[in-house]
2 protein chains.
Amino acid sequence: MKIDGIDKKIIRSLTKDARTPILSIAREIGVSGAAIHQRLRKLEKAKLIDSYQMIINHEVLGYSTTVFIGVYLDNDVLLSSVVKRLKEMPEVLECHYTTGNFAIFIKVICKNNNDLVNVLETKIKKIKGVFKIETMVSLNQSIDRQYLI
Amino acid sequence: MKIDGIDKKIIRSLTKDARTPILSIAREIGVSGAAIHQRLRKLEKAKLIDSYQMIINHEVLGYSTTVFIGVYLDNDVLLSSVVKRLKEMPEVLECHYTTGNFAIFIKVICKNNNDLVNVLETKIKKIKGVFKIETMVSLNQSIDRQYLI
DNA sequence: CCTGAAACTCCGTGATT
DNA sequence: AATCACGGAGTTTCAGG
């Protein structure tokens with residue numbers, strides 16, 4: 001997969017604002033719209049482009065608490081059964097199988113601390129196979145971005 | 001901020017694919033394109049929409065390792081100076097100030113384990129004020145999504 | 001908060017170099 | 001891999017209910 005300067009400009013532009021018209025990118029770079037169009041198809045075909053997404057600001061909806069949770073599992077539980085439960089919880093945004101002490105590591109958003117307690121005690125701890133959790137609350141997020149090509 | 005069923009449909013559609021034409025959403029719901037357009041402006045004005053982004057598949061570029069790193073800082077170091085250094089590293093995707101043992105908690109992507117060692121030893125540990133780190137490698141990510149309205 | 005229509009802009013494709 | 005050209009489609013705005 002070769003990515004030249006023009007590809008980078010396309011990617012940077014659409015990473016910043018996915019609705020930027022192809023034609024305006026084309027004008028900026030100084031090539032035709034069709035050329036940009038072709039390159040985008042090429043990038044999509046190469047699977048370099050995962051998706052185009054509207055990013056929601058959850059804070060406006062009242063979800064102002066981000067929490068990372070390390071989860072310890074019983075030895076005899078099936079990992080996939082726990083993941084399945086977690087997938088049913090919309091507040092679980094990420095789930096990783098990790099090295100280290102935890103079996104899995106998840107990222108969750110909540111409305112506030114009360115909501116957090118509720119999620120931890122009545123949802124996560126109630127999942128069959130979960131025997132201990134360690135929570136780490138993000139008080140402030142100072143970096144949030146994609147890898148810049 | 002009130003969000004009704006039509007708003008939800010718009011958001012769900014554009015969260016999945018930000019390039020979905022307004023008109024096709026309009027047809028699906030059974031209202032005019034202008035109505036959807038107006039609602040989108042309303043949602044943007046309310047800051048509910050953070051951005052529209054092309055999401056890059058970093059794995060195709062060779063970045064196949066995701067790592068979470070807990071960072072301990074010297075007591076006398078300025079947090080902002082460390083964050084500033086981290087911002088200069090494109091491989092640092094998130095940085096959180098958290099409760100718990102760590103001062104800050106970061107998410108990083110690397111090409112492979114060698115690259116990881118390089119990032120840890122020659123970059124992060126070399127930042128003034130960082131005195132200890134704990135790394136947790138994600139071997140597999142089974143959930144990755146936005147909060148579904 | 002909706003609609004329809006007009007004016008404008010863009011998209012996707014095919015032919016060509 | 002780029003260009004031009006074109007017909008179909010989408011966007012934006014505005015008057016009006």
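Heavy-atom basis, side chains included; hydrogens, waters and symmetry copies ignored. Remember, predicted model here, so these are calculated numbers, not experimental data.
Applying a 4.0 Å cut-off to non-hydrogen atoms, the residues of residues 26-39 of chain A that approach DNA chain D are A:Val31, A:Ser32, A:Ala34, A:Ala35, A:Gln38, A:Arg39, listed by residue number.
The hydrophobic cluster analysis finds B:Leu148 isolated: no Ile, Leu, Val, Met, Phe, Trp or Tyr side chain comes under 4.5 Å of it, directly or through other members. Other cluster members for B:Leu78: none, since no ILVMFWY side-chain heavy atom sits under 4.5 Å from it. Hydrophobic cluster membership for A:Tyr72: A:Phe68, A:Phe102, A:Phe105, A:Phe131, A:Met136, B:Phe68, B:Tyr72, B:Phe102, B:Phe105, B:Phe131, B:Met136 (Ile, Leu, Val, Met, Phe, Trp, Tyr linked by side-chain heavy atoms under 4.5 Å, directly or transitively).
Transitive grouping of hydrophobic side chains (ILVMFWY, heavy atoms separated by less than 4.5 Å) keeps B:Ile55 and A:Leu93 in distinct clusters.
Dense packing is recorded around OH of B:Tyr147, with more than 12 heavy atoms of other residues, nucleotides or ligands lying under 6.0 Å away.
Here A:Tyr97 contributes atom OH and B:Ser138 contributes atom OG; the two are 11.0 Å apart, rounded to the nearest 0.5 Å.
Not counting sequence neighbours, the partners of A:Arg85 by the salt bridge (Lys or Arg N to Asp or Glu O under 4.0 Å) test are A:Glu88.
Atoms CD1 (B:Ile22) and C1' (C:dC2) sit 15 Å apart, rounded to a whole Å. Residue B:Ile10 contributes atom CD1, which lies 15 Å from atom C1' of D:dT11 at whole-angstrom precision. Atom pair B:Ile25:CD1 and D:dT12:P shows a separation of 12 Å (rounding to whole Å applied). Across the protein-nucleic acid pair, B:Lys45 atom NZ and D:dT12 atom P stand 16 Å apart, rounded to whole Å. Atom-to-atom, NZ of B:Lys42 to P of C:dC2 comes out at 8 Å; the value is rounded to the nearest Å. Between the CZ atom of A:Arg19 and the P atom of C:dT9 there is a distance of 17 Å, rounded to whole Å.
Between B:Arg41 and the phosphate of D:dT12, there is a side-chain N or O to OP1/OP2 separation shorter than 4.0 Å.
One axis for each end of the helix from C:dC1-D:dG17 to C:dT17-D:dA1, each built from five base pairs, and the angle between them comes to 30° at 10° resolution.
Taking 4.0 Å as the cut-off between side-chain N and carboxylate O, A:Glu28 and A:Arg12 do not count as a salt-bridged pair.
Under a 3.5 Å cut-off, the side chain of A:Arg27 and the backbone N or O of A:Gly33 do not form any donor-acceptor pair.
Nucleic acid contact class of B:Leu23 (heavy atoms, under 4.0 Å, all strands): base.
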